[in-house]
There are 2 protein chains.
Amino acid sequence: MGVTIHDVARAAGVSVASASRALSGRRKVTPETAERVARAAAELGYQPNAVAKALRDQTTGTIGMVVPGIGNPFFTTIVEAVERELQNSGVDLLLCSSRYDPQIEARRLGTLLARRVDGLIISPCDIEASVPAVLDAARRVPLVQLDRHIEGGAADWVGVDDEAGVTLAVEHVIAGGARSVVFAGSRLVSSSARLRFSGFERAASRAGVEVLPPLLGEFTLEWGVEAGRLLLDADRLPDAVICGNDEIAVGLVRSLRLGGARIPEDVSVVGFDDVGHATMCDPPLSTVRQPVEEMAAEAVRLLGQVKAGDPRPAQRIAITPRLVVRQTSRPPAAGGAD
Amino acid sequence: MGVTIHDVARAAGVSVASASRALSGRRKVTPETAERVARAAAELGYQPNAVAKALRDQTTGTIGMVVPGIGNPFFTTIVEAVERELQNSGVDLLLCSSRYDPQIEARRLGTLLARRVDGLIISPCDIEASVPAVLDAARRVPLVQLDRHIEGGAADWVGVDDEAGVTLAVEHVIAGGARSVVFAGSRLVSSSARLRFSGFERAASRAGVEVLPPLLGEFTLEWGVEAGRLLLDADRLPDAVICGNDEIAVGLVRSLRLGGARIPEDVSVVGFDDVGHATMCDPPLSTVRQPVEEMAAEAVRLLGQVKAGDPRPAQRIAITPRLVVRQTSRPPAAGGAD
DNA sequence: ATCGAGCGGGAAATCGATTACCCGAGTTTC
DNA sequence: GAAACTCGGGTAATCGATTTCCCGCTCGAT
């Protein structure tokens, strides 16, 4: 089923070396041979075997990407951004999902390494459990972490400054008059979850407002709905809820409204990410925007510089996010400082 | 950077043949050699080179999957289902997005073929423009179309019976009392778009109800919102809207309600797919459920049977969907036939 | 004692593309 | 006119794992 370069060479009446040279153009051949080889290749429908080329060249022209889940719009957005970034470089992306499971993640990394990818971009699902597999992979090929990262700072990373982002959100709701705040996020299993939560705690305590016990579940719409119910069940509602991502925020807004709360009059809600349906939410969601394109571009750029097992200290590139104020949060109080 | 089987063999003091046999277990070796090879492999951190293995074996242990877009929850759901279906079979999935562009799709197919995937699962983005690339690929490797398909019926396919599904939806809203209906779907560029629309027209005209001009745009939430606005701008609202997928339906429900229409009292809305946020919609969406797990399983099974360039007539497996009635459609009129 | 079977191991071919190396013919240079 | 050089082309090595083919040894049967 495979037309090889030998077939092409035979059909053109030249050696495989000439055929290869004619097709790749990496050494001159006479116009005549070029012509005959080209014709033979076209007639036979020759398509070079990338596997053989990869073995010989010791490079596959692929990079692997591992994300926790492709059901989450944030990750699909970032995957698409990386794909766009790569599309004219001749490199193909091999995309894998770890389904939020460090074991599956390790297996995926293993098969990507076995397939000799030239580099890896990974958003490790677990800040602790992902450590060995990620460090091991980083020892073998250039590796850049994107968005999430493992603890310890031993591998290069590109992402958003989570703490700065959450701080923007907290200061914004406080400027809008909030006196009691709560954080609705995910269990502290990923770096994003941890940093957004710790950023929240720090900013809120610095501002001196009342901090209610956090609601930590999953980065999903369902958990947002659940969290909203939990808030409604309590004695009183907080003035503001800072959410770990937009999906939680959308679910939360929905269930709070269903419970009779007015958004933003009774409760301000701020999300994180600004991808997917934040603008289509009702009302449109105030949120912290992740500069996804920029992050993807930076990750690809950095990947080009990283060498496997490089003893040089790892780089950590934290891009500062921007707050996008829409209609789920009260604007700064009139006459306020800003 | 690569430990090869030669290194392992040398460290164990045996030939590469013995090392290979010890590691694969495909021929007996003495317990002693087995032990020494295993130890040497472990100590050196040997990981077989899948590229070399693929070249030698003439099989890569991968299958390629090409979908129009990973931003659409229906496709991510079906990708996840295929992944689950494959996870214990030892084959890896190489996932690509065509971004709804037949040119990108053809390029992706080309590189997957160059990488010598053992099979292909594809949801062709365009019913016409995708034809040459899909047929060409089907000539080289086993190929199964999943969900969408090209015209002409020349390549195997597994999917849902779109016409039957839409018919269920139309009959349901009519049983609920609808006398005027409209279809809000996507432009007729894919098989799904065409069949759902034609199924709608047939079912509606057979039932003898009034059929308003269709609204054809994209399979997106945004288009659903826009379609809702268009309906509101007209003289009067239809009794029911059948949507091409759930995203359109969710957007449509939202904008109709924003315009003051009550769902389902004033307008019944039915979606298609039943993935993603249909249950989380407000109110929960009535929709036609695609049996995604079953489709994925069937596709993988069929792929195992298909041979490249098989002259045998292509199979078309259409699974009949089920209507899931939730709260965006009026229930059958009391005293009705059912 | 001999023949054959069975067993474990090694050398080398194989997969397909690329390229280092070599060769012969033609051209330039002193 | 001979040495040096250029140019196009061919042969064979290379990448790493697997497997075919062959060899030598042992054991059992006759």
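Chain naming here is simple, since letters A, B, ... match the order of the sequence lines and numbering starts at 1 in each. Computed from a predicted structure; not experimentally measured.
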(request) Could you identify which residues of residues 20-43 of chain B place a heavy atom less than 4.0 Å from some atom of DNA chain C, listed by residue number, or say none? (result) B:R21, B:R27, B:K28, B:V29, B:T30, B:T33
(message) Both B:A17 and A:Y46 contact DNA chain C. Taking the nearest nucleotide for each, which residue is further toward the 5' end?
(response) B:A17
(message) For the backbone of B:T60 and the side chain of A:R115, can you confirm whether one donor and one acceptor N or O come within less than 3.5 Å of each other?
(response) yes
(message) For chain B and DNA chain C, what are the first and last nucleotides along the strand, 5' to 3', with at least one atom under 4.0 angstrom from a heavy atom of the protein chain?
(response) C:dG8 to C:dG16
(request) Please state how far atom CG in B:L55 lies from atom P in D:dT19, giving the value in whole angstrom units. (result) 13 Å
(request) Inspect the contact between B:E293 and B:R84 and indicate whether a charged nitrogen and a carboxylate oxygen are less than 4.0 angstrom apart. (result) yes
(message) Pick the closest DNA chain D nucleotide for B:A52 and for B:S18 by heavy atoms, then say which residue is nearer the 5' end.
(response) B:A52
(message) Go nucleotide by nucleotide along DNA chain C from the 5' end; which of B:V14 and B:R116 gets its closest nucleotide reached first?
(response) B:V14
(request) Before accepting this row, confirm whether a basic side-chain N of the pair A:E105/A:R108 lies closer than 4.0 Å to the acidic partner's carboxylate O. (result) no
(message) Could you tell me if A:R312 and A:Q305 have a donor-acceptor pair between their side chains, going purely by distance under 3.5 Å?
(response) no
(request) Rounded off to whole Å, could you give me the CG-to-C1' distance for the B:N49 and D:dA17 pair? (result) 8 Å
(message) For the OG atom of A:S192 and the CD atom of A:Q290, what is their distance to the nearest 0.5 Å?
(response) 7.0 Å
(request) State, with a plain yes or no, whether a side-chain heavy atom of A:D136 is found less than 4.5 Å away from one of A:R140. (result) yes
Solution key, residues 146-160 of chain B side-chain donor-acceptor pairs under 3.5 Å, sequence neighbours excluded:
| unit_1 | atom_1 | unit_2 | atom_2 | d |
| --- | --- | --- | --- | --- |
| B:R148 | NH1 | B:C125 | O | 3.0 |
| B:D156 | OD2 | B:Q315 | N | 2.9 |
| B:W157 | NE1 | B:D147 | O | 2.7 |

(request) Determine, for A:R39 against A:E35, whether the closest basic-nitrogen to carboxylate-oxygen distance falls under 4.0 angstrom. (result) yes
(request) Take atom CZ of B:R56 and atom C1' of D:dT18, then tell me their distance rounded to the nearest Å. (result) 4 Å
